Every structure is written in C-alpha cells, then in structure tokens.
Trainee: 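The following block contains the structure, expressed as structure tokens.
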Amino acid sequence: MKEILRDLLRDALHRCYEEGTLVSGEIPPEIVVEVPANAEHGDFATNLAMVLARKEKTSPRKVAEALVGALRCREDVFRQVEIAGPGFINFFLTNRFWCGVLEEIARKGAGYGHQTFGAGKRVQVEFVSANPTGPLHIGHGRGAATGDALASLLKACGYEVEREYYINDAGNQMRTLGRSIWLRCQELDGRAVAFPEDCYQGGYIRDLAREIWGREREILLTLSEEEAIDRLAQWGGKKILAGIAADLKDFGVEFDCWYSERTLFERDAVRKNLDYLVEKGLAYRQDDALWFASTRFGDDKDRVMSRSNGVTTYFASDVAYHRDKFERGFDLVIDVWGADHHGYIPRMKAVVAALGRSRDDLQVILVQLVNLLRGGQQVAMSTRSGEFVTLREVMDEVGKDACRYYFLCRRSDSKLDFDLELAKEQSSNNPVYYIQYAHARICSIKGKAMAEGIRMPETADVDFTALDLPEELALIKHLARFPETVAAAGRAFEPHRLAAYLLELAGQFHAYYNQHRIIGEKRNICEARLYLLNAVQTVISGALAILGISAPERM
RNA sequence: GCGCCAGUGGCUCAGUUGGAUAGAGCAACGGACUUCUAAUCCGUAGGCCGGGGGUUCGAAUCCCUCCUGGCGCGCCA
C-alpha cells in the first residue's frame, strides 16, 4: 500500500521536473509514507514536500502544490488528496480500495502478511542453550519463547530458519554435575558427606542419585571414583537434557539441531581452529597462553583462548562453534543470550569480523531477567542454592499460552515482572485472554450463523459498499497494517511488536462487536460483516501462530 | 573507573526507525447483559516523555552532558 503511494509520488516528482514546476532534480532515495496518528490527517501522509523545500529554495507548501498537481489521481483509489499543516500531503483512500485488503486476506489466508525479503537466505536462531546441569527455570522460558517466536517471525519474512540448541557438555560443569550426583549417592549409602557449595544444590540431584543408585549401585562401586563421577556426569547430563527437551516441547518449542560442544572436541575442531587463527595471524602466543587479537576488530582487550596450562577456554569453543555455524552455510546467525552476557558481544562480533564476515551477520538478542512475583511478593530465586521456580512449574500453573504471551509482550531487552497470580487470572488483567477471546467470539458468531443457515460469503458475492461504518473501516485499516508490522518486527528482530499489534486489533474488534450486530442484519450487510470477521480471524490466528500461542475456537 | 541497557500518568509498558494534539492495560470513579460469549464495551480523571544543552521546518525518538537504576568488565563457564 505504502509502496504504491511511493511509486505514484516518484512518478509525480519526475513529471514536475519535466514540466519545470520543480527545479532541483533531487530524487530522495527513500520517500517516507506514513499512517498519521490522527485520522483527520488522512489514511497516509508524506513529508516529501518538506524534505524537498530546502533544495527547492521555496516553501514546503509550494512544493506540495506542484507535487499534488502532477499526481495521477486515480479516482478508484483516492477519495481526496490535501495539503495540510507545514506541508504534509495527506491521502484519503476510497472505502472500496480499502476493502481490497479483505480480498487479499481471503486469498492468502494464513500466508497474509508474510514477507519475502528474507527469501533465499538461511538463518539460524540459537537459543535456550542452558547447561544440562539442571532443569529449565523461568528465565530460560523467556529465552525459549523469544527465540522460538523470533524464528517463526523470520520464517514469515521469507527466511529459511533453523532452531538450534547448543549443549555445553564439555566444560567442568559436567564434572561438577557428576560429583554432585556421586555425593548424593554416598549419602544414600548412609555416609555423611560434606556437600560443597560449588556443587548443584537442587533437589533434582537427589532424585537422579536415587534413580541411578537403585539401578547401578553395584556397577558404580566397581569403578574408581573418577570413573564413577564421569559415568554419572554423562548419564545425568543426558537425563537432564531429555527433561529439558520434554519441557520445551510442551512449551511449544522444538529444535532442528541439538549441537553438542563435546563433538567440537571429539573432532578436534577447537584445536584446529586455534591453528587456523594462528596461521591467519589472528592469534598470538604470549605468557604461555594463546590470545585472540580481538582488539583489531573493535573489542577492548584481547582474549585468551588457550590458557598457560594448556586448557582451552569456553571462548575458544565459542569461536570454533561460530565458525562452524558460518561454514554450515548460514547467511545470518542469531544468538539469543541472557542480558548478563552482554559483555560478550564485542568479542563475538570481533570473531565474526575476523572470519571475514560482516559484523551484522551475527545478531545477538539479549533477554533480560525475569522477576518472578506471586501476588506482588517477590519469589526468591538462586540457582546456586537450588531455590528456583522451574519453567515446568510455571507452565503447569499458568498455562503455556499465558506464559508465552507474558514473555513476548515486552521488548526482550527490558526487565520483566512475571506475577504468577496475575498470569493465572483469566480476566481483563490478562491480555492474552483478551486476544484469544476475540478469536473465540468470531468463531462463535460464525457457528451461530452456520446454525441459522447463513452461508459464508465468497469474495465475488460480497457487497463491499455495506462496509462503511467507521469502526469497520478502522478494523480494515488495521488489518492492512499487518504486513508492514510483520516486516518491521522481522527487520528489528522484535516479535513483541506482534503482541502489541494483536492487542490493538482485538480491542478494535471487541469495540465493533459491542456496537454492532452481524446476524439479523440485512443479508448483504450480514455477509459483508462475516467476510470482514473472517479476515480478522485469519490475522489473529496467523499472528498468534507466529508467537506460538493457540487460537481457541471456544473459551 | 570503563562499557552495555534502561528511565514515558499512581503501577506495568507501547510508541510504526525524525512527523501533526504522546497511546494502551492495571488501579480509581460513573455507566451498559431479555441480543452473535460481560474473559466484553462506553465514559471520566490522570503527562515538563529523568534534568540541561544542541542538531532542524519538526525530537520521547538523533548528538553531547549530568543524574538515577540494572548488568558486565577473569588465563571462569
């Protein structure tokens, strides 16, 4: 829609220059067309005349007059074109033209609003990637919802998308896991053990110990302590990861690839990558350690990849891992991280630059902490003490949809208060039900219409002149903005914009519903309204689908 | 000390990448169910967009500076 206007304006501009009504010859690369906040300022407006005025050395209004004079005003499109304020050109479109949006929605169905700017590009979204040393907690849930919705959003923008979970199964946290289970096993045999602070304190360790000790006590006792711990680490990690996968699946998140850090070592990829970097002159040896020269790529200090004791750092794995991502052919790589890791961004961007890629080929999405409340009271959480609320518990208590909505309705990079009582409340306090309710209402109306023998209208049969109420046009105009909302959200990597969009759409629908009836009106009106409702339903369910939230037919 | 992020009605947040008179929801107050779902709607009230300076036709949005809060600054992961 905006694109059409841009073309018309560009066309008019050329004509002005040909006819000499404008003289500068300036063609702005991007003509700004916007939807004014105030409906009195038209359906669309452009500031083109104001932008050109200085170059033309005349007043914006004069420029606007020349432009409007040269516009090919198609009568089926424009109801009115006016010059207003300091020099805006306001466009008013005909109702019939707006109704074309409904036809488009009917034609495209669930694909309405989807974009093509990502076509031909492969993008990988890596998210959650929690260490397999304990169950997912509420903070991971936010990362999961954000990464998953972002992936769906990018798919809707035309990208080929893969979801990936990076398993940190190579560091010494796995050993700590094994040791934690081992110690709990000792306790089961009645030995008093001092359980160290740096071990995992959560009750789930005891559960794991009970399970494995009941099954493998004899085998484990034949092993040396080192071997036993190693075996328990491997088993425990697998077990916990399976639990994580199950939690995520129930949360509506499924990964295309579970990528194990350990496989990097098994293929010797970390070591080979270090050699590669040295060879390329991107890494150097100093004080018996191997450093990555990240300052050459904008970082504020160089980073150790291999310590003087010969052990590689976590960063070294990350470099190898990200190099591998690009070697797998992704055009764009997105990492979703907890905001406390933001200090890592410069060095990872440096890595990307050092590998000869554009820094923008890696995008890092930061997800802020979740502040868990219950009835306004803060719920204490600390992973170290093992006192935390798991994603599973929250999901069971408030439901998947409400949970995902809460995580997705704000910018990911702002702290989030998550009140369990509020989220659970199925009332107006809770926007997700407000949106779903709009969808359910439409289904209900359609069901009733069906029961009364009213047929669902086909595009060709719809009398679009019957849709002339301000509330109807407002709805249609908002539906028309869905594609650009998807595009803007996708370009900014901000799925929360869809949540805001949905809230607005649901609000407009509820207002319309309360004010006007569908069934019982004259046939042409009834059918036209049903046609409109179909479009609203299509967009609501489509947008909810991107967010991974269900669109119930009944509530 | 340095860096990143944030600061918008009492509370929680949007704000279409610089547009015209800054928007929702909650909380408060007053109304609307014999109707397709009241999990809804309508109305009232509430603002120096942290402070100050700058950029221009125009700033919540961009730049500088200060204040406040969160996070991060390891040969940890």
Side-chain angles (χ1 to χ4, degrees), chain A residues 2 32 34-38 40-41 45-47 49-51 53-54 59-60 84-88 90 131 133 168 170-173 176 286-291 300-301 303-315 317-318 338-346 366 368-369 376 409-411 413-417 419 422 425-438 440-449 451-452 481 484-485 487-489 491-492 496-497 499-501 503-504 506-507 509-520 526 529-530 533 554-555:
Chain A
K2 287 181 180 174
V32 176
E34 285 185 320
V35 178
N38 188 336
E40 287 171 24
H41 296 137
T46 181
N47 62 0
M50 283 134 82
V51 174
R54 190 151 21 131
S59 78
F88 287 102
N90 296 339
N131 292 347
T133 56
N168 293 125
N172 54 34
Q173 75 273 11
T176 304
Q286 189 185 343
D287 305 332
D288 293 330
L290 188 68
W291 299 72
D300 54 0
K301 55 180 92 155
R303 307 293 173 176
V304 171
M305 291 191 294
S306 181
R307 292 186 265 161
S308 49
N309 64 8
V311 179
T312 56
T313 59
Y314 182 85
F315 178 62
S317 299
D318 255 351
D340 52 343
H341 290 90
H342 72 258
Y344 249 70
I345 296 175
L366 295 177
Q368 271 287 0
L369 297 175
C409 66
R410 306 266 155 78
R411 277 210 331 274
D413 190 22
S414 67
K415 276 181 301 173
L416 177 68
D417 286 335
D419 193 309
L422 272 182
E425 211 172 303
Q426 304 200 354
S427 71
S428 52
N429 279 339
N430 207 334
V432 68
Y433 297 113
Y434 183 82
I435 295 163
Q436 291 182 319
Y437 187 46
R441 260 184 163 168
I442 291 171
C443 292
S444 174
I445 294 167
K446 284 167 66 177
K448 171 106 185 199
E452 296 196 6
R481 302 195 64 182
E484 69 198 66
T485 304
R491 289 207 162 89
H496 80 273
R497 295 194 192 196
Y501 172 87
L503 207 53
E504 173 74 25
F509 166 73
H510 284 308
Y512 174 60
Y513 171 92
N514 271 276
Q515 217 172 329
H516 305 286
R517 294 190 58 76
I518 286 87
I519 296 164
C526 174
R529 289 182 179 178
L530 282 172
L533 259 50
R554 196 186 318 263
M555 288 174 74

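All heavy atoms count here, side chains included; hydrogens, waters and symmetry mates do not. Letters A, B, ... mirror the listed sequences (proteins, then strands); counts begin at 1. As the structure is a computational prediction, the values presented were derived from the model and not from experiment.
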Trainee: Quick check, does H341(A) stack with G72(B)? I mean ring centres under 5.5 Å and planes off by under 30°.
Mentor: no
Trainee: Let me know the distance between CE of M305(A) and P of C75(B), rounded to the nearest Å.
Mentor: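 Checked: the CE to P distance equals 13 Å.
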Trainee: Starting at CG of D413(A) and ending at C1' of U17(B), how long is that distance when rounded to a whole Å?
Mentor: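 After rounding, the reported distance stands at 16 Å.
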Trainee: When only distance counts, do a donor and an acceptor, one from the side chain of D318(A) and one from the base of A77(B), lie under 3.5 Å apart?
Mentor: no
Trainee: Where the side chain of Y434(A) is concerned, which of C75(B), U17(B), C41(B) is the nearest nucleotide?
Mentor: C41(B)
Trainee: R303(A) side chain to K301(A) main-chain N or O, any donor-acceptor pair under 3.5 Å?
Mentor: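 Present.
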Trainee: Starting at the 5' end of RNA chain B, which residue's closest nucleotide do you reach first, N172(A) or R517(A)?
Mentor: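 Nearest-nucleotide comparison on RNA chain B picks R517(A).
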Trainee: Indicate, yes or no, whether a donor-acceptor pair under 3.5 Å links the base of G19(B) to the side chain of N47(A).
Mentor: yes
Trainee: Are F88(A) and A20(B) stacked, counting the six-membered base ring, centres under 5.5 Å, planes under 30°?
Mentor: yes
Trainee: Classify the side chain of S308(A) versus the base of C75(B) as yes if they form a donor-acceptor pair under 3.5 Å and no if they do not.
Mentor: yes
Trainee: Is the phosphate of C41(B), meaning OP1 or OP2, less than 4.0 Å from a side-chain N or O of Y512(A)?
Mentor: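 Answer is no, no contact under 4.0 Å.
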Trainee: On RNA chain B, does the nearest nucleotide to N514(A) precede the nearest nucleotide to K415(A) from the 5' side, or the other way round? Give the residue.
Mentor: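 Counting from the 5' end, the first nearest nucleotide belongs to K415(A).
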Trainee: Taking atom CD as the centre, does E40(A) end up with more than 12 heavy-atom neighbours from other residues, nucleotides or ligands that are less than 6.0 angstrom away?
Mentor: no
Trainee: If I take atom NE2 from residue H41(A) and atom CZ from residue F88(A), how far apart are they, to the nearest 0.5 angstrom?
Mentor: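 The NE2 atom of H41(A) sits 8.0 Å away from the CZ atom of F88(A).
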Trainee: Among the candidates A20(B), A39(B), G74(B), find the nucleotide nearest to the side-chain atoms of A84(A).
Mentor: A20(B)
Trainee: Can you tell me the distance, in whole Å, between the NE2 atom of H510(A) and the C1' atom of G25(B)?
Mentor: 13 Å
Trainee: Quick check for you: among C13(B), C36(B), U40(B), whose closest atom lies nearest to any side-chain atom of R410(A)?
Mentor: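 Within the option list, the nearest is C13(B).
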Trainee: Over 60° means perpendicular and under 30° means parallel, so tell me whether H341(A) and Y344(A) are parallel, tilted or perpendicular.
Mentor: perpendicular
Trainee: Using only side-chain N and O atoms of R411(A), determine if any of them is under 4.0 Å from OP1 or OP2 of A6(B).
Mentor: yes
Trainee: What's the gap between U21(B) and A60(B) when it is taken at their C1' atoms, as a whole Å value?
Mentor: 15 Å
Trainee: With a 4.0 Å cutoff (strictly under), does any side-chain N or O of Y433(A) reach OP1 or OP2 of G25(B)?
Mentor: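 Result: no.
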Trainee: Indicate whether OP1 or OP2 belonging to A14(B) is found under 4.0 Å from a side-chain N or O atom of S414(A).
Mentor: yes
Trainee: Would you call C62(B) syn or anti, using the 90° rule around 0?
Mentor: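 Nucleotide C62(B) adopts anti.
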Trainee: With the side chain of D340(A) defined as its heavy atoms from C-beta on, choose the nearest nucleotide among C57(B), A20(B), G72(B).
Mentor: G72(B)
Trainee: Look through every strand shown and name the nucleotide pairing with G1(B) as Watson-Crick or G-U wobble, where both distances are under 3.5 Å.
Mentor: C73(B)
Trainee: Below 4.0 angstrom from OP1 or OP2 of U35(B), is there any side-chain N or O of H516(A)?
Mentor: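 Checking H516(A) against U35(B): no side-chain N or O falls below 4.0 Å of OP1 or OP2.
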Trainee: Look at the side-chain N and O atoms of R529(A) and state whether any lies under 4.0 Å from the OP1 or OP2 oxygen of C36(B).
Mentor: no
Trainee: Quiz question: going by heavy-atom distance under 3.5 Å, is there a donor-acceptor pair between the base of A77(B) and the side chain of Y344(A)?
Mentor: yes
Trainee: Of the nucleotides G74(B), C41(B), G19(B), which one has an atom closest to the side chain of K301(A)?
Mentor: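 The closest nucleotide is G74(B).
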Trainee: Considering only C42(B), C75(B), C36(B), which nucleotide approaches the side chain of I519(A) most closely?
Mentor: C36(B)
Trainee: With both distances under 3.5 Å as the test, what is the Watson-Crick or G-U wobble partner of U21(B)?
Mentor: none
Trainee: Could you let me know what A14(B) is paired to, Watson-Crick or G-U wobble, both distances under 3.5 Å, or none if it's on its own?
Mentor: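 Pairing partner: none.
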Trainee: What is the distance, rounded to the nearest whole Å, between atom CD1 of I435(A) and atom P of G25(B)?
Mentor: 13 Å
Trainee: Please pick, from C41(B), A38(B), G19(B), the nucleotide with the shortest atom-to-atom distance to any side-chain atom of P86(A).
Mentor: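 Given the options C41(B), A38(B), G19(B), the side chain of P86(A) is closest to G19(B).
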Trainee: Please report the interatomic distance OH(Y513(A)) to CG(L533(A)), rounded to the nearest 0.5 Å.
Mentor: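 Going from OH on Y513(A) over to CG on L533(A), the span is 10.0 Å.
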Trainee: From C36(B), U17(B), U40(B), pick the nucleotide closest to the side chain of A492(A)?
Mentor: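 Nearest nucleotide to the side chain: U17(B).
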Trainee: Please state the C1' separation for the pair C29(B) and A45(B) - nearest whole angstrom.
Mentor: 8 Å
Trainee: In Watson-Crick or G-U wobble terms, both distances under 3.5 Å, what is the partner of C62(B)?
Mentor: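 Base-paired to G54(B).
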Trainee: Give none if A6(B) has no partner; otherwise give the nucleotide forming a Watson-Crick or G-U wobble pair with it, both distances under 3.5 Å.
Mentor: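 U68(B) - that is the nucleotide pairing with A6(B), both distances being under 3.5 Å.
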Trainee: Could you please name the partner base of G43(B), counting Watson-Crick and G-U wobble pairs only when both distances are under 3.5 Å?
Mentor: C29(B)
